[in-house]
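Chain naming here is simple, since letters A, B, ... match the order of the sequence lines and numbering starts at 1 in each.
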Number of protein chains: 2
Amino acid sequence: MTQAESREGTDSLPGTSPEATRIPRKRDAEATQKRILSSAKHEFAMSGLGGARVDVIAEKAEANKRMIYHYFGSKEALFTKVLEEAYGDLYEAERKLKLDHLEPKVALERFVRFTWNYYLENPDFITLVNSENLHKGVHLESSDVLKSVSKNRLHMLENLLVRGQKSGVFRSGIDAMQLHISIAALGYYYLTNRYTGSIVFRCDLMAPEMLKKRIEFNVDSIIRIVSA
Amino acid sequence: MTQAESREGTDSLPGTSPEATRIPRKRDAEATQKRILSSAKHEFAMSGLGGARVDVIAEKAEANKRMIYHYFGSKEALFTKVLEEAYGDLYEAERKLKLDHLEPKVALERFVRFTWNYYLENPDFITLVNSENLHKGVHLESSDVLKSVSKNRLHMLENLLVRGQKSGVFRSGIDAMQLHISIAALGYYYLTNRYTGSIVFRCDLMAPEMLKKRIEFNVDSIIRIVSA
DNA sequence: TTCATATGTAAATATCTTGTTACTTATGGG
DNA sequence: CCCATAAGTAACAAGATATTTACATATGAA
């Protein structure tokens, strides 16, 4: 089956020819790039950088391999772009949280829940990050995009800690980076290792009641860690 | 060129010929299997299941591809065996800890430090587990070996918690599985994401003083989580 | 309209990769 | 010793795979 034919199922003809001839795609560079990025994100997340196939990415994007190389240069450059977008999305969602006006303890709890929910709702993020770390971070280490978006990453949490310390609900001397890492860790580890974890512990770690147990345990843990 | 001829370039005949003759490897099935397993563990850890190459595994094992298929059947079966061994090694090291006679708090701290050190000294374990989870646990879900070695995995920690609760140092109502997962998570996440983490936080997470900071933070966190 | 160029398609290429096959050699039991 | 068999080697086959090339078509500016 030709690629032109492969599209005929979903579309019909714009006027001229009666039988199912190919409908040339409307030229839309931006849309094509978006479809490729979205498809790549999914494939890279599912199979890792090494396991993902350029052919499959192109096919799922309803685009052509040639377009991938045209727009992104190489499989690895595409992977880099996907990673940058994934980090950008997370950070943007974080920024939207607006925790500054909330009571420190409430704000911290909300941040813990947000982090957990983000991982849960964006499972791609975790596998993408895992894949990049398997490759020792080579795709992001020279990424100005990541460096830019990750600037002042700890600002919000630092403010939160200072506010809480001043009001006496948090103890002093808490390292914001260590806490930030811990908040991520408690959720991330559970979810990334959900398959082996379910085997080892002989239960379905993704069952709704188990997920609920986990997030409540995490919230409680983080609060205990910072409490005065 | 025949297959026999193809070897004559590097080697000459044993005994009959005077100059540097080939030394045929001593036949030792067990040793060869061990070399293959060790090499495979390293390659799978370095590149993941998909990224590892059977040829490279054979070469690094100073063995032959044929031997891999002879002894293990397939790349995936070899991967399964490597995983089973990796889990077995961790669990055996855990069993050697002998925490029963220690004061609960001291014992728990020792367990947290053990877990951290094990990940630090066996970085292969983390990437192997990551790789298996990328593959949704398919290689271990039917592994009787893993099911066998992971039996009563929470026993030690449960005993510890009960002892601590009885003596009043630990609070009651702590879920041993959640705690176990958290102890692993705080170390595992930091180490598996050390590359992207170092970029995002603009510091070398693997620098000795940073590692020290992390383990001390983790020990303190776990103690706070369980304290009465 | 005309034409340069951005966008898109199909096929080729060169290299890799897993698993197999045909073959060689060491080992140990009779 | 003799020889069946376990252990080991090299080359091959079939199918993937990333990237490139040759070509086609839509678009918009002149």
Would you mind reading off the distance between B:Glu30 atom CD and D:dG8 atom C1', rounded to a whole angstrom?
17 Å
Those residues of residues 130-137 of chain A lying under 4.0 Å from DNA chain D by at least one heavy atom
none
Just to be sure I understand the rule, does B:Tyr71 reach a base, reach only the sugar-phosphate, or reach nothing, if contact means heavy atoms closer than 4.0 Å?
sugar-phosphate
Starting at CD1 of A:Ile68 and ending at C1' of C:dT7, how long is that distance when rounded to a whole Å?
15 Å
Spacing of B:Gln33 atom CD relative to D:dA6 atom C1', expressed in whole Å:
12 Å
One pair to check against salt bridge (Lys or Arg N to Asp or Glu O under 4.0 Å): A:Glu85 and A:Lys81. What are the steps and the verdict?
CA-CA 6 Å; A:Glu85 265 210 6; A:Lys81 197 93 178 191; over 6 Å; no
Classify B:Ala58 by what it touches in the nucleic acid, base, sugar-phosphate, or nothing, heavy-atom distance under 4.0 Å.
nothing
Looking at residues at least two apart in the chain, or sitting in another chain, which of them share a side-chain contact (heavy atoms from CB on, under 4.5 Å) with B:Ala77?
B:Ser74
Is there a donor in the side chain of A:Ser143 and an acceptor in the side chain of A:Glu84, or the other way round, less than 3.5 Å apart?
yes
Restricting to nitrogen or oxygen on both sides, can you table the protein-nucleotides 19-23 of chain D pairs closer than 3.5 Å?
| unit_1 | atom_1 | unit_2 | atom_2 | d |
| --- | --- | --- | --- | --- |
| D:dT19 | OP2 | A:Tyr69 | OH | 2.5 |
| D:dT19 | OP2 | A:Lys75 | N | 3.3 |
| D:dT19 | O5' | A:Tyr69 | OH | 3.4 |
| D:dT19 | O4 | A:Lys65 | NZ | 2.4 |

Sequence neighbours excluded, the answer for side-chain contact (heavy atoms from CB on, under 4.5 Å) partners of B:Leu211 is B:Trp116, B:Leu120, B:Tyr190, B:Leu191, B:Met206
Using OP1 and OP2 only, check whether a side-chain N or O of A:Thr32 sits under 4.0 Å from C:dT7.
no
Does the gap between the ring centers of B:Phe111 and B:His180 come in under 6.0 Å?
yes
Residues forming a side-chain contact (heavy atoms from CB on, under 4.5 Å) with B:Ile68, sequence neighbours excluded
B:Ile36, B:Val54, B:Ile57, B:Ala58, B:Leu78
Would you kindly give the CD-to-P distance between B:Glu59 and C:dC16, to the nearest whole Å?
14 Å
Please state how far atom CG in A:Leu78 lies from atom P in D:dA18, giving the value in whole angstrom units.
11 Å
Whole angstroms only, please: what is the NZ-C1' distance between B:Lys34 and D:dA7?
17 Å
Round to the nearest Å and state the distance from B:Phe72 atom CZ to D:dG8 atom P.
12 Å
Excluding sequence neighbours, so at least two apart, what forms side-chain contact (heavy atoms from CB on, under 4.5 Å) with B:Glu141?
A:Ile199, B:Val138
What's the CE-C1' distance between B:Met67 and D:dA10, to the nearest Å?
12 Å
Does NZ belonging to B:Lys75 count more than 12 external heavy atoms closer than 6.0 Å?
yes
Ring centres under 6.0 Å, that's the criterion: do B:Tyr189 and A:Tyr189 meet it?
no
